[in-house]
Amino acid sequence: MKPRLLKGFRDIFSAEYLARRWMVETVRKVYERYGFVPIETPALEYVDVIGKYLPDCDKAEEGIFAFRDSDQSWVALRYDLTAPLSRLVAQYPNLPHPFRRYQLGLVWRDEKPGLGRFREFYQFDIDTVGSASMAADAEVCMVICDALQALGFAKGEYLVKINNRKVLNGVLELAGIPPVDDKGEFTAQALTTLRAVDKLDRLGFKGVAELLGPGRRDESGDFTRGAGLTAEAIALIEKYLGISGKGREEVLRSLAELVATSPMGQEGVAELREMCELLSAVGYDSTQVTVDPTVVRGLSYYTGPVFETVLTVPCRDEHGEPRQFGSIFGGGRYDSLVERFLGEKMPATGVSCGLDRLLEAMRLLGRIKTPKATSQVLITTMDKSLMAHYQKITHDLRRAGIACEMFLGQGNIKKQLKYADQWDIPLAIIIGSNEMARQEVTIKDLRKGRELASKIEDRETWKKAEQIQVTVPLSDIFSKVQEMLKI
RNA sequence: GCCGUUGUAGCUCAGCUGGUUUAGAGCGCCAGACUGUGGAUCUGGAUGUCAUGGGUUCAAAUCCCAUCAACGGUACCA
């Protein structure tokens, strides 16, 4: 039996765990500053509740982990936190509205894993349910900016890109494509068109134009059927996608002009304008939040504003290869998701933070400062006859509020210091017979030593290097340890 | 799902168009030089059913077929 992991699943070690905890704490504080409250919902839901409809067959829908429980009910691991939220809102009608919650949780998707894509990953969402106001959407953008700033990203290192599905639908109408059928579902042609548009960043205008027209054959020889649009329709969409400008106002003017004859499109532009006015009023400028017509956001349930956030800092992986990260925060307005349960409209908007991507990006950018260990101090055990003394010192430090551990393994001092080094423990305390006789302790600063090591070539100077360790009276141990940890 | 590439030590890989031996290197790991000190240096050490199954051949890590797995591209992703 070989120990192994499901593909797309991971074990998380302390370095990553502690980094994530720091990230969650930082973002959480921002969420709470905006008045969002925490909730938790189960990992498992009934399949139909979660939005997957299972015709009476044995096979679950693609993309979700689903199975029958002991009652033969179809259940599934949640694939996002939004569907469970809509269930919750519908189930507890007495919740005061608007209801504004945040939620951290694992979600699962049974898809092909890839670089930075897992089958089990964290989402950290905020949503406002019960408000149709564009202020709710504008606020989402503000939260994203504040969260990224709190994590240490400067203005210009990230960009929140916003668009509106009503604008997209308006453009589809003008191109002669009915966006939705009488049941309110997207038409096949609209879907194909939106999918093509969504690939703009990867394929460029040319590739998208092929997909809008007859179809596209990629390098591997694989053929993807296109939407079969007319040349005029393609030209219109290209014109739409090419819209850009100095600031939000300019982009909005161009968009308004393009969809002037579409009431749906006009409504979308008006919504975007309203959001932008609120953002400008509190100082979020176009280097932070920009209007971007190319943002589509999948196809799902969005009905109005949609948001996507990218990091604009150049990022390289450990091999020096440039690495692009997809959307770090993504979301939008979904006014008809809760309707499924309630039978009436329930406006809602929100965004999801892809913690894993963000974490990976910050790691590659060298911006994660959290340690691997929780111990601040390692008390080495050089002389086994002094174990009680070591234990006493360890415990006294703990009582003083200093996280520390006594070396519990086997081996000489060299091995013990190596252990401290491997775990990134900042300080080591050494007490041998010399120190014991004089009632002293030696405190070694491993961080300082690490810095010096890169500059020192030969062993003699390394051994004699000053300021790596100090010997102080036993009675001064707390003050000295605290002083050395502060740096 | 489809197309392609790859599968040799914990990791990264070398091993040319089949035949020098008991299959190599670097990194990492362990031990020692340094007996009370992490790095560096030096010395020594451990580790492989050459992915699996079959075939061709006097001879296969090397060629052929199948399977599995990984990676890349593409599609799908409510």
Side-chain angles (χ1 to χ4, degrees), chain A residues 2 4-8 47-54 60-66 76 78-80 82-83 86 107-115 117 119 185-186 191-192 194-196 198-199 202-203 207 211 215-226 297-302 318-319 321 326 334 336-337 340 378 380-383 386 407 410-437 442-465 468-469 471:
Chain A
K2 262 192 192 140
R4 63 215 160 95
L5 225 42
L6 262 67
K7 68 174 173 184
V47 163
D48 56 337
V49 163
I50 225 170
K52 278 287 184 190
Y53 313 100
L54 276 181
E61 199 109 3
E62 307 255 332
I64 60 165
F65 288 101
R78 62 183 176 210
Y79 60 85
D80 72 5
T82 311
S86 65
V107 300
W108 295 266
R109 295 187 189 181
D110 190 7
E111 298 167 349
K112 180 181 167 183
L115 187 64
R117 296 191 66 178
R119 297 205 294 170
E185 309 267 322
F186 276 105
L191 282 176
T192 316
L194 289 175
R195 274 175 201 157
D198 205 21
K199 294 184 177 89
R202 207 151 28 90
L203 304 178
L211 282 175
R216 178 172 181 275
R217 188 173 297 284
D218 62 48
E219 310 86 68
S220 72
D222 219 23
F223 184 75
T224 311
R225 266 189 72 175
R297 279 310 293 163
L299 311 155
S300 45
Y301 39 64
Y302 296 113
E318 37 275 282
H319 304 294
E321 297 295 318
Y334 48 98
S336 43
L337 234 194
R340 239 156 32 83
L378 177 76
T380 60
T381 58
M382 194 149 66
D383 186 340
L386 298 176
F407 186 73
Q410 299 264 317
N412 57 21
I413 188 72
K414 184 176 175 125
K415 188 168 175 184
Q416 300 191 21
L417 287 171
K418 189 166 184 170
Y419 169 85
D421 191 40
Q422 284 176 325
W423 280 103
D424 286 335
I425 297 174
L427 301 182
I429 285 179
I430 301 168
I431 303 163
S433 46
N434 297 344
E435 284 88 351
M436 197 57 195
T442 295
I443 309 173
K444 192 177 180 77
D445 191 329
L446 292 140
R447 289 177 301 189
K448 228 174 230 167
R450 231 167 271 141
E451 270 172 48
L452 256 67
S454 51
K455 297 173 201 150
I456 297 175
E457 300 276 303
D458 67 296
R459 184 159 184 82
E460 283 314 302
T461 34
W462 161 251
K463 279 186 85 168
K464 285 179 191 155
I468 289 186
Q469 66 184 54
T471 301

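At a cut-off of 3.5 angstrom, the base of U37(B) holds no donor-acceptor pair with the side chain of Gln416(A). For Glu435(A) and G36(B), a side-chain-to-base donor-acceptor distance below 3.5 Å is present, hydrogens and geometry of angles not being considered. At a cut-off of 3.5 angstrom, counting only N and O atoms as typed in the model, there is a donor on one side and an acceptor on the other between the side-chain of Lys112(A) and the base of G73(B). If you check distances only, the side chain of Asn434(A) does reach the base of G36(B) with a donor-acceptor pair under 3.5 Å.
At a threshold of 4.0 angstrom between heavy atoms, the contacts of Arg117(A) include nucleobase atoms, whether or not backbone atoms are also involved. Counting non-hydrogen atoms under 4.0 angstrom, Arg195(A) reaches the backbone sugars and phosphates but no base. Backbone-only contact: Ile413(A) has heavy atoms under 4.0 Å from sugar-phosphate atoms and none from a base. As judged by a 4.0 angstrom heavy-atom cut-off over every strand, Lys7(A) is placed among residues touching the sugar-phosphate backbone only. Here Asp445(A) lies in heavy-atom contact (under 4.0 Å) with a base.
Nucleotide G48(B) is matched to nothing when pairs are restricted to Watson-Crick or G-U wobble geometry with both distances under 3.5 angstrom.
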*Please walk me through it: do Trp462(A) and Ile468(A) pass side-chain contact (heavy atoms from CB on, under 4.5 Å)?*
CA-CA 10 Å; Trp462(A) 161 251; Ile468(A) 289 186; 4.2 Å; yes
*Passes side-chain contact (heavy atoms from CB on, under 4.5 Å), Arg225(A) versus Thr192(A)? Steps please.*
CA-CA 9 Å; Arg225(A) 266 189 72 175; Thr192(A) 316; over 6 Å; no
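With the nearest nucleotide of RNA chain B identified for both Ile430(A) and Lys418(A), Lys418(A) has the one nearer the 5' end.
Taking atom CD of Glu111(A) as the reference point, atom C1' of U74(B) lies 15 Å away to the nearest angstrom.
Nearest to the side chain of Ser433(A), among G36(B), G39(B), A31(B), sits G36(B). Closest to the Lys444(A) side chain, of the nucleotides C30(B), A75(B), U37(B), is U37(B).
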